[in-house]
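Here is how names work: the chains are called A, B, and so on, in the same order as the sequence lines, proteins then strands, and each is numbered from 1. Computed from heavy atoms alone, side chains included, the values below leave out hydrogens, waters and symmetry copies.
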Amino acid sequence: MTKKKSRVKATVAETATRIRHLATGVPGLDAVLGGGLPEFSFNLIAGSPGAGKTTLAQQIIFANATTDRPALYFTVLGEPALKLLRYQQQFEFFEAAAIGTAIQYVNLSEEALEADLKVVLDRIVAEVERVQPGIVVVDSFRTFLGRTPQTVPPGTMTVDHFVQRLAQHLTTWEVTSFLIGEYAEQEQRNPVFTVADGVVWLSQVTDRNSVVRKLQAVKVRGQAQMPGLHTFRITDSGVQIFPRIPEQQSRRRAQSMRRLPTGIPGLDEVMGGGIPAGDAVMLAGPAGSGKTTFATQFAAEGLRRGESVVVIVFEEYPEEYLARAKARNQDMEESIETGKLELIYLRPLDLSVDETLAEIMEAVEQLGAERVVIDSLSGFEVALAPAFRDDFRESLYRLVGALTATGVTIFMTTETTSGFPDVNFTTEKVSFITDDIIVQRFVEIDGELRAVLAVHKMRGSEHSREFRTYEVTQNGAVVGGPLRNYHRIITGVPEMQLRLPRPAYEGLTEREAAVLNTLVRLGGASKEVLAVRIGGSPAELKQTLARLVARGYATLEGEGSRYRALAQPGGIGWWCGGSQCKRWNILREPSGERG
Amino acid sequence: MKSELESARHLTRRLVARASTQGEAPDVAAVAPQAACERAYRHLARSFGAAGSQALLARALTQAQARQPVLRDLRLGRQQSEPALLGVPEMILSHGAPKVATALETVLEELLGVLGRLLGDDMVTRLVEQTSTADKNDDEDVI
């Protein structure tokens, strides 16, 4: 039985017709459709006025029409062919040589004004039979749809019937066809949507001063289209679609053991030898903390090593960026000329993350880039159309995921907005997307404003946990030594820390000593209070306290609910906390297990 | 502007010449320009619709009438359901074939001039050339 079934299946697979796919000629659209346009399919391009329906159809026919298999473009009562030709020839895809031969325009306005759709159908069929086109476009089909069975004269063809017959004819004549129509979303019940093999929906959303165009492949019969809304832009080149970056476009490349030198003296040491290749690094700091300088040095170091680099700037013009780099002895212009560096400037205020990614990916692929600098995420967010700012975090997550999947190392900067002396380590709430985070701060030391940094996070890698000073000099940023004699650096107002000997409680671990210190400070406390003050798991704390009692450093009182330290200030040992250290006196020598 | 005019003039001459070599009564001077005009009228109707084509030719005629008073009796209409220039035989009787031929060439020239300004000379040239070629091949309307 099983054998029979599999044989049947194999036979079907062998004899099944493989549907050929046409390349649409619209960048990004083939991917959205799930691999191009199925040949001989009957498609609907729908959307609001001005959404780009005609331009999209024009671009597709110019990419596919030939003199052997021409395109027939039927205009109805919408944009007259005269105007259509006038405006469409402004696009780069338009080839005047194709007009009249590979692309023929036929006006159906007279037929459309007739009461009977059969007249329209007959004209279309007659033209198709005569010209034998490979592609047919009816623009705009909407004109016919005002007619319902109730409004058409008795005995004349209804829209349902017309659409069905048209689809049959066009498929029989092996034609790939497009009906263009202005529809509102609630009109999706229209019979044309059922008959169509493919439905592409275009829309445009206006939010304040930005206009965002979106495309959705609502239906593509026989293949899996990319779900969701995809932004697109109409430029002199025509329509370009930026397929939405999927959540997990591809698996991230395995992290290599290789480290990339940052080009910033002292920083590699702090980062355990440099940035792990393929990581996404975020440098967060306040305005004027030297973020761009750091990022530029990272890019320049890559170029110095012969690597290709892509730099995306949002906050300053490329000329300014290059001039600033040159002023710090990093001449990057030559690298642009030699094709090792691409400087992308994006500042239109109506960007989508997908569009940005498409631009970056193209540059990364063209150059075979190993380093990507995004300066800065804050500028990037501002450059986005307001409609995209709400899901900035999620979009950025997808962008970084897609980029790291290519294996490039990303260096991003972001501006911290927290006021002095507050601290916001998880800047912009985007830290989760990065592997490594470096935080910069301004601190006041001895009445001077000093810049410090710390590596806050390095995923799966050892790194220094010290605060380091750094300076931005004429030749770039230089990271200095650790601020060992200060604490409370994180507050922005560090305090000098006296380095005095810590108490040496014989036989106690560091953790036990810490618990004892807390107990000494509090005088006495319950297990619950101690848990709140010093953290740790209840089980571990219970065990620690039991050892302190067993070793004679603490005792239980209050019917066993309260612990009291057997040490008082003024005796032996030191306890350091806050800004000072105190000496402690042990009331009685602990006994028991000591030693 | 001058080049557009020259281009329209040049194209007109070619279209008329083509019409006259296709056996459309070359002995009557005005017939070839009339045929060329009507063919353009017909072709444009296919692409731009009857109304669009008529609008273009009406404007061309208005402009041509200013240059050629002979054209004041020319009308746009239909003959056997095809777009046609009406009143040409009467005009020939009144003014003579050579004058009417020149006037009709002016109509065509103005038509191509208007199209040239709207679509560009290159596009019009291609449209006209493709049309003429297609006519030669199978006498079908193709634009």
Side-chain angles (χ1 to χ4, degrees), chain A residues 58 61-62 65-68 70-114 119-120 122-124 126-133 137-140 143, chain B residues 4 7 11 14-15 18 39-60 76-78 80-84 110-143:
Chain A
Q58 287 281 320
I61 63 169
F62 273 96
T66 62
T67 45
D68 291 338
L72 266 181
Y73 200 100
F74 292 100
T75 55
V76 193
L77 289 174
E79 187 180 7
L82 186 64
K83 293 184 95 178
L84 193 143
L85 284 172
R86 180 171 162 77
Y87 291 113
Q88 291 296 320
Q89 64 177 295
Q90 308 306 316
F91 290 110
E92 285 166 13
F93 62 75
F94 190 94
E95 283 177 53
I99 304 300
T101 50
I103 297 172
Q104 300 177 25
Y105 292 86
V106 179
N107 187 277
L108 295 178
S109 57
E110 277 187 272
E111 288 80 358
L113 290 169
E114 295 272 340
V119 179
V120 179
D122 288 347
R123 176 81 196 276
I124 293 175
E127 291 285 352
V128 168
E129 286 175 4
R130 192 170 68 80
V131 177
Q132 300 193 10
V137 180
V138 182
D139 182 7
S140 145
T143 315
Chain B
E4 275 172 12
S7 177
L11 275 172
R14 279 167 60 166
L15 287 179
R18 195 157 286 156
R39 180 169 292 164
Y41 190 10
R42 212 163 54 235
H43 294 151
L44 293 177
R46 180 174 182 256
S47 293
F48 304 146
S53 177
Q54 188 158 3
L56 280 167
L57 208 64
R59 188 187 169 197
L76 306 178
R78 282 181 175 266
Q80 295 168 336
S81 79
E82 288 289 338
E110 289 292 346
L111 176 68
L112 297 173
V114 171
L115 273 174
R117 286 192 294 280
L118 288 170
L119 301 177
D121 286 338
D122 278 356
M123 173 81 79
V124 176
T125 305
R126 285 175 200 280
L127 283 170
V128 172
E129 291 297 317
Q130 301 297 350
T131 304
S132 301
T133 310
D135 278 354
K136 254 187 176 175
N137 292 342
D138 59 7
D139 201 32
E140 286 286 356
D141 298 340
V142 176
I143 285 186

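- Scanning all heavy atoms of the two residues, the minimum distance from B/Arg46 to A/Val131 falls at NH2-CG2, 4.0 Å.
- The minimum heavy-atom distance linking B/Ser47 with A/Tyr105 is given by the pair OG-O, 3.1 Å.
- For the pair A/Leu85/B/Leu118, no side-chain contact is recorded, criterion being any heavy-atom separation below 4.5 Å from C-beta on.
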